[in-house]
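Taking it in order: structure first as structure tokens, then the write-up.
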Number of protein chains: 2
Amino acid sequence: MKKVVIHDPTLRDGQHAVRHQLGTAALRRYAQAADAAGIPVVEVGHGNGLGASSLQVGQAAVGDDEMLSTVREALRRSRMGVFMLPGWGTSADLRRAIAHGADVIRIGVHATETSLAERHLGVLRDAGAEAHCVLMMSHMASPEELAEHAARAVGYGAQAVGIMDSAGHFLPPDVTARITAIVTAVGTTPVIFHGHNNLGMAVANSVAAADAGALIIDGCARGFGAGAGNTQLEVLVPVLERSGFATGIDLYALLDAADLAERELMPTPPVTASMSIVSGLAGVFSGFKHRVVELSAPAGVDPRDVFFELGRRQAIAGQEDLIVDVVAELSARPAIG
Amino acid sequence: MKKVVIHDPTLRDGQHAVRHQLGTAALRRYAQAADAAGIPVVEVGHGNGLGASSLQVGQAAVGDDEMLSTVREALRRSRMGVFMLPGWGTSADLRRAIAHGADVIRIGVHATETSLAERHLGVLRDAGAEAHCVLMMSHMASPEELAEHAARAVGYGAQAVGIMDSAGHFLPPDVTARITAIVTAVGTTPVIFHGHNNLGMAVANSVAAADAGALIIDGCARGFGAGAGNTQLEVLVPVLERSGFATGIDLYALLDAADLAERELMPTPPVTASMSIVSGLAGVFSGFKHRVVELSAPAGVDPRDVFFELGRRQAIAGQEDLIVDVVAELSARPAIG
């Protein structure tokens, strides 16, 4: 049976669904439950990663140092993961995370901006940490571009490289094409897939990724994450097992961890609501939703039109100003009919 | 572009999630919204179909006659569908439904019990109604058995025939094998697929069915249904369109209908909770959940073990007595460790 390594960002990506307000008790208890299930990597942090807690993207309830020490102490068998976006976090943040015992450190960059990860991947290589590089919003790049950037990240020192379907836009054939291209380009370097469920395809996409040779697959308990959420971990694991992949995870303990997550981490599990479907179809970061809805209503514009127009303009996170432009243009158009 | 016909049992299968308590105002408003979106068939009724309202499976808030006349009046373009399980409903119920203007009448039978549908399919053929036959719990039969029973149903007069993944057990390759076998067996007769989301695969399975030649695909707004719910209709439609199938449905009006359904039909949208995952893996009807949990706790038995044992014994709806036996046997086993 082929193996896959499950990477669990419940305590990092899930933070987006609760404005980064997970407390230390919740972090500890979920980490212990995940550890008991034998989940290989438990990722923790602010939703936007190391150093990101701020007024702009939200201040976390717990600082990076306390999050890392809490989870480190809770884990016996699982390795601890962290995430960092260059610009939000710095080399100093990486070194602090290593000092806290982070085992796996992921640098996230836009799909075609691998060069932004070069310096930090170098820092991690010199420090001897396990460095991953993930290409976000990967539906905006072709399989060939992703393969080129993945190979570049390996050249910078990444020991695993892969893609995030940040907008939840992919269908399985899209994933197959991209993972196949990346696996071909990076040879024996483990390849990562991280899905979102905007089109109800997160589990199916993850199986397609594993079938195409991805070795590291991400999932969150109950899909905990913003909007439609991430790949639902406790569904993903038994489905991968049935599909011929060994995860080494105990099913009942995993279900227990997911039940705990539903009770203690989230107000309600993610729902695939209409605006999440639209953002997935449009290929737009679902974090735009609040602003899109807020700006569309007073302008008499359909927020769904705004999402599709943002998709046509290939808007990415950080370009929230585009929302204002699109709403203004759509509201200026003469009404039809 | 190939065509698929969307069949929407929100107002029938969704009833299971609210103990058949949908009122006439909710029925009318959803039917109008579905009609406005251009959904070809809107199915309505008690969750277990015509004639099923009873103390045993739950008394509906609204009787069959009133449900049918309410929805009939609300529909302009959409055709009205009804469902019947032989034994719960009778030929008289079928005739009443036809008198109420039901356009599409589905007879549901266990996967390998097509003979139970013979008489009712004959009644429908003689009445000139469009008769469908759906094979339930279809994961319990091989592709060859399903093909044989589907062909038999066509012989009895079914004008469309297909399978329900009643336990939410299938992965896409399972669906591909079964739909392919059925399409081969029944030739030009339209083939139906009806999914459930216990393993997060309802949309992916439905696309696999369409790819394998299924022409009629079921989906419910927000997946409205018991446990993990049905295939989420407003996700299914755009994903089918992106996958090369024309549905003729207006996306925005469909999303509006789903938003209305979330507000007016359900307390909360379905969640894929741990026990739903277990029932899907075990291949057991999720309607067993309440009894399994209720009987397991006082006996000190893990309800998940009960589900997997019921799966090994191929328990089907109506065999709730088996739960008592399994719980008793598991509780009598010496504890390990």
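Just so we're on the same page: letters track the sequence lines, and every chain starts at 1.
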Working to the nearest 0.5 Å, report the span between CE of A/Met201 and CZ of B/Arg242.
-> 9.0 Å
Student check: side-chain heavy atoms of A/Gln232 and B/Leu199 closer than 4.5 Å | no
Measure distances from A/Leu171 to the heavy atoms of chain B and classify the residue's part below 4.5 Å as side chain, backbone, both or neither.
-> both
Identify the two heavy atoms, one from B/Thr272 and one from A/Val235, that lie closest to each other, and give their separation to 0.1 Å.
-> CG2-CG2, 3.9 Å
Contact check, side chains of A/Leu255 and B/Ile277, non-hydrogen atoms, under 4.5 Å | yes
Under 4.5 Å between any side-chain heavy atoms of A/Leu251 and B/Leu281, yes or no?
-> yes
Taking side-chain contact (heavy atoms from CB on, under 4.5 Å) as the test, write out the residues that go with B/Ala209, two or more places apart.
-> B/Val175, B/Ile179, B/Phe193, B/Ala214, B/Ile217
Among B/Pro172, B/Pro269, B/Ser276, residue most engaged with chain A (heavy-atom pairs, under 4.5 Å) = B/Pro269
Which atom of B/Gly200 lies closest to which atom of A/Val203, heavy atoms considered | O-CB, 4.3 Å
Non-hydrogen atoms of chain B under 4.5 Å away: do they reach the side chain of A/Ala202, the backbone, both or neither?
-> neither
If you check every heavy atom in residues 290-305 of chain A against those of chain B, which residues fall under 4.5 Å?
-> A/Asp302, A/Arg304, A/Asp305
Under a 4.5 Å heavy-atom cutoff, which of A/Val239, A/Asn197, A/Leu254 has the most pairs with chain B?
-> A/Val239
Quick one: which of B/Thr268, B/Asp256, B/Asn205, B/Thr231 has the most heavy-atom pairs under 4.5 Å with chain A, could you say?
-> B/Asp256
Which residue out of A/Ala258, A/Ser243, A/Pro238, A/Gly280 racks up the most heavy-atom pairs below 4.5 Å with chain B?
-> A/Pro238
